[in-house]
Amino acid sequence: MTEPLRPRAIGTSLARLDGRAKVTGTAIYAFEQPLERATYLHPVQATIARGRVTAVDTATAEALDGVVAVLTHVNAPRLASTDDAELAVLQSDEVAFRGQFVGAVIADTPEVARHAASLMGVSYDEQPYDVQLRADRDDLYAPEVVNPSFPTDTDDGDVDAALESAALTVDQTYSTAMQHNNPMEPHTTVAIWNDDGLTLYDSTQGVHAVRTTVAPVFGLDPERVRVIAPHVGGGFGSKGMPHAHVVLAGLAAQVTSGRPVKLALTRQQMFSLVGYRTPTIQRVRLGADSDGHLAAIAHDVVEQTSKIKEFAEQTAVSTRTMYASPNRRTSHRLAALDVPVPSWMRAPGECPGMFGPEVAMDELAVACGIDPIELRVRNEPATDPESGLPYSSRNLVGCLREGARRFGWDRRDPTPAARRDGGWLVGTGVASSTYPAYRQPGSVANIRSGPDGRFTVRIGAADIGTGTWTTLTQIAADALDVPVEAVDLQIGDSALPMATVAGGSSGISNWGSTIVGVARAFRDKYGPDPADGSETEGETPDNPASERFAMHAFGAQFAEVRVHADTGEIRVPRQLGVFAVGRIINPRTARSQFIGGMTMGLSMALHEHSVMDPSSGHVVNHDFAEYHIATNADVGDIDAVWLDEHDPHLNPMGSKGIGEIGIVGAAAAIANAAYHATGTRVRDLPITADRFLP
Amino acid sequence: MQAQITLSVDGEQRSLTIDTRTTLLDALRERLGVTSPKKGCDHGQCGACTVLLDGRRANTCLALAVAHDGARITTAAGLEDGDNLHPLQQAFIDHDGFQCGYCTPGQICSAVGMLDEFEAGHPSHVTQDPTGPQQLDDDEIRERMSGNLCRCGAYANIVAAIRAVAP
Ligand code: FES
Ligand code: FES
């Protein structure tokens, strides 16, 4: 048990400290740094899915007034390391996926850069390619591990025998679509290469992660790479690691004699260059007795990766720990395709991986004639089925019960397709949520006292909209036992002490624990009245409890769905999420995280589908006109609440991460509600109108 | 081709010579250093670049600067009254109507323009009786604000913020 922090500022709804800057638009994002003599980069992308570049005609582009330089694989500066194939930009003539960088123009203005890029004539030797994910491919393979380091397959007990003898079984295949993160701020890098080394104003979830990754690529000491990102316009995983454009900007900055190079990918370019959520095909088999007690769970996943770099989404991992069943089997198989590298997207693993099983649980509830909440309660494990460890806290049942009470679940008639309101069929559904309470070592914080009882707290953390500026200030204030006004927080710069990436819903846990540890050391050393300039620096303390407990957040998602009987139009007038996530640092920003995740879950359920065209290897719907994300009018009455959960084993704040759990289970709750409304079981996302038409 | 234009931006007269291909958004952001309007798509599909253009909300990425010589532009940075935030800006803070903040200046300009449109009696797609008395209920706000995407999913709080300020 870690010594808990006495909560004064934490737990209060402090308004965002960056609020004024955000509502006036004066917060500075990567592309907006005021810089003298900047140049603009416009990339040229491959128009074939696989092959070689045989020639690039650069003459017309180079002759344009205002063009500073043109880059191709022939003349681009050489990189020191090409180990990471995604980052080996313009180092060879090979094309591994459609949309890959094959050139770039750097010019005095964005208009000239764009025009010149359109004049680059690229010739190819096109080769056969393969971009189609199917479960019946004969070349599927088992990766060594799935992300970040989970076993690829697990097999406990005798699943086949248990399925054979089970009174009731569900055996269905579910699929989730390829989706693109699409943060509202495009992926953006401004690069400056001069005698000091490389400076990057980058739109990133982790300044140190960028520095650590790109320094060896350019053959620079990490100290000679500076990455700055005070404000980031969303990321949802796609800005968790640097993608090829960061390297392209760094290459370009080497040929502009010190002039800054500004690169903002267009929305269209982002569909081939900054990662995406792999599509998944999930076969789920459940076996249960007639009371709904699970005897077997099998979750077999097929998903894609790229040929140039493996990305193995941990889709079935949540199934290993979710419900009590003596016999459990999970597996992951990958198809390596001529496609861009998949990457993290909000709750990678859990988000797609809870769709199949949570719809399957609804199907099992129908098969048993048991309420779907009751079915989940009956399969609540006493300890983590996977590790055998006790949970540090597990309040799934509490979330389901509280949600049922708030949502009016007791009035629900389980009969499908039995409620009509005008032309609309109405139904409600539920699903569980979960997300691991990750904690990583390796962050460092520095605390220094100033005059007048003020403190500067420095850590290279990130605020991608999550509220870090505000919540870390609250934590630091409590840790130092001072009011929040006395804390000057500095984040978003690799010149600050090392911080882990804002990912895996672990940021506040990692950074907060570090700050609390350093603050305690500071007070131990300097007491209540430190002299001006007193300073302490330290690393994330260990948490021995993580060996002894399984640590996860849980939640329950409820949705009301209306499907129009004639047109199949589907609407979601109500969503409720109830979460058990330890202590909430800031209720105002926490609620935004939850409903933001649930809104993205609604978007996943109804809209999002990157359409890979097998005849071109191209995501054809590559903009907001064609790739739909939820708009204001799509969202109805949405709310998130939480249980008062006390878990002393997590960290001094007693908090679990909350950035991702909101999306987990949201789409399943909607699919289950759509079934209840219509009697039509949709097992493939997104749930579009045509699924309900005869 | 180059052209000379003058814009009034947040009350300040700014003259500049531009490439005639320059969008109003790039003129503001890249030439005048006015970065309150954001670029989310450059195709009129997200609303991040919304400003008040001669008093009406407009996507500046869809406007060529040369076509707006003499225009009066108000960005979210120009909505403040001295040190006081515009009531909508304060409401966005109070209701946490944003997370990453990238869509936010556009949302706020759009909301200001939307409330004026409503006052002027413009109906929307969800208005039941376009000629009768109108009520700016949540469905009206949602519909009228749907040109402004928010990937952080702050819509519910945006509606609450606007409702708090709406007449
Ligand atoms: S940037 Fe103008 S609408 Fe998206
Ligand atoms: S606040 Fe991030 S996109 Fe709206």
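Just so it is clear: chains get the letters A, B, ... in the order the sequence lines come, proteins before strands, and each one is counted from 1.
Interface check for chain B: of the options A/I629, A/D634, A/I638, the most heavy-atom pairs under 4.5 Å are formed by A/I629. For the set B/V159, B/D94, B/L149, B/V126, the entry with the most heavy-atom pairs within less than 4.5 Å of chain A is B/L149. No other option in A/T266, A/I595, A/L602, A/T26 has as many heavy-atom pairs under 4.5 Å with chain B as A/I595. Between chain A and the residues B/T22, B/L79, B/I141, B/D42, the most heavy-atom pairs under 4.5 angstrom are made by B/T22. Counting heavy-atom pairs closer than 4.5 Å to chain B, the top-ranked of the candidates A/R267, A/E111, A/Q268 is A/E111. Chain B forms the most heavy-atom pairs under 4.5 Å with one residue out of A/T599, A/N632, A/T188, and that residue is A/N632. The most heavy-atom pairs under 4.5 Å with chain B, out of A/S592, A/A15, A/G19, come from A/S592. Residue with the most contacts toward chain A among B/K38, B/H86, B/M145: B/K38 (heavy-atom pairs, distance under 4.5 Å).
With rounding to the nearest 0.5 angstrom, the OG1 atom of B/T74 is 6.0 Å from the CG atom of B/D10. Atom CD1 of B/I93 sits about 5.0 Å away from atom CG of B/L85, to the nearest 0.5 Å.
The contact between A/A27 and chain B is made entirely by backbone atoms, counting heavy-atom distances below 4.5 Å. Within the 4.5 angstrom heavy-atom criterion, atoms from both the backbone and the side chain of B/A77 approach chain A. With a threshold of 4.5 angstrom between heavy atoms, B/D19 approaches chain A through side-chain atoms but not through N, CA, C or O. Proximity to chain A (any heavy atom under 4.5 Å) is restricted, for B/I158, to the side chain, taken from C-beta onward. When heavy atoms are compared at a cutoff of 4.5 Å, B/E143 approaches chain A by way of both its backbone and its side chain. Looking at A/S13, there are no atoms closer than 4.5 Å to chain B (heavy atoms on both sides), in backbone or side chain.
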TODO: Under the side-chain hydrogen bond (donor to acceptor under 3.5 Å, both in side chains) rule, what do A/N181 and A/R277 come out as? Steps first, then yes or no, please.
DONE: CA-CA 8 Å; A/N181 306 52; A/R277 196 195 292 288; over 6 Å; no
Set out, in order, the CA-CA distance, both residues' side-chain angles and the distance that settles side-chain hydrogen bond (donor to acceptor under 3.5 Å, both in side chains) for B/T17 and B/Q2, then state yes or no.
CA-CA 6 Å; B/T17 304; B/Q2 305 280 312; 5.9 Å; no
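Each of A/R16, A/K22, A/R20 was compared with A/D18 under the salt bridge (charged side-chain N to carboxylate O under 4.0 Å, His left out) criterion, and only A/K22 meets it. Just one residue in the list B/I162, B/L115, B/T127 forms a side chain to side chain contact (heavy atoms under 4.5 Å, CB included) with B/R144, and that residue is B/T127.
Taking the ring centre of A/F31 as origin, the terminal cationic atom of A/K262 falls inside the region bounded by 6.0 Å and 45° from the ring axis.
The environment of B/D129 atom CG is dense: over 12 non-hydrogen atoms of other residues, nucleotides or ligands sit within 6.0 angstrom.
The minimum heavy-atom distance between A/V619 and A/S610, with the atom names listed, is CG1-CB, 3.8 Å. Residues B/R29 and B/T35 share a closest heavy-atom pair of NH1-O, 3.6 Å. A pairwise comparison of heavy atoms in A/D639 and A/M598 identifies O-CE, 3.5 Å as the closest pair.
Interface residues of residues 97-111 of chain B toward chain A, defined by a heavy-atom distance below 4.5 Å and sorted by number: B/F98, B/Q99, B/C100, B/G101, B/Y102, B/C103, B/T104, B/P105, B/I108.
Using modelled atom types, no side-chain atom of A/E626 and backbone atom of A/N621 make a donor-acceptor pair closer than 3.5 Å.
Using a 30° and 60° split on the angle between ring planes, A/F579 and A/F594 fall in the parallel class, below 30°.
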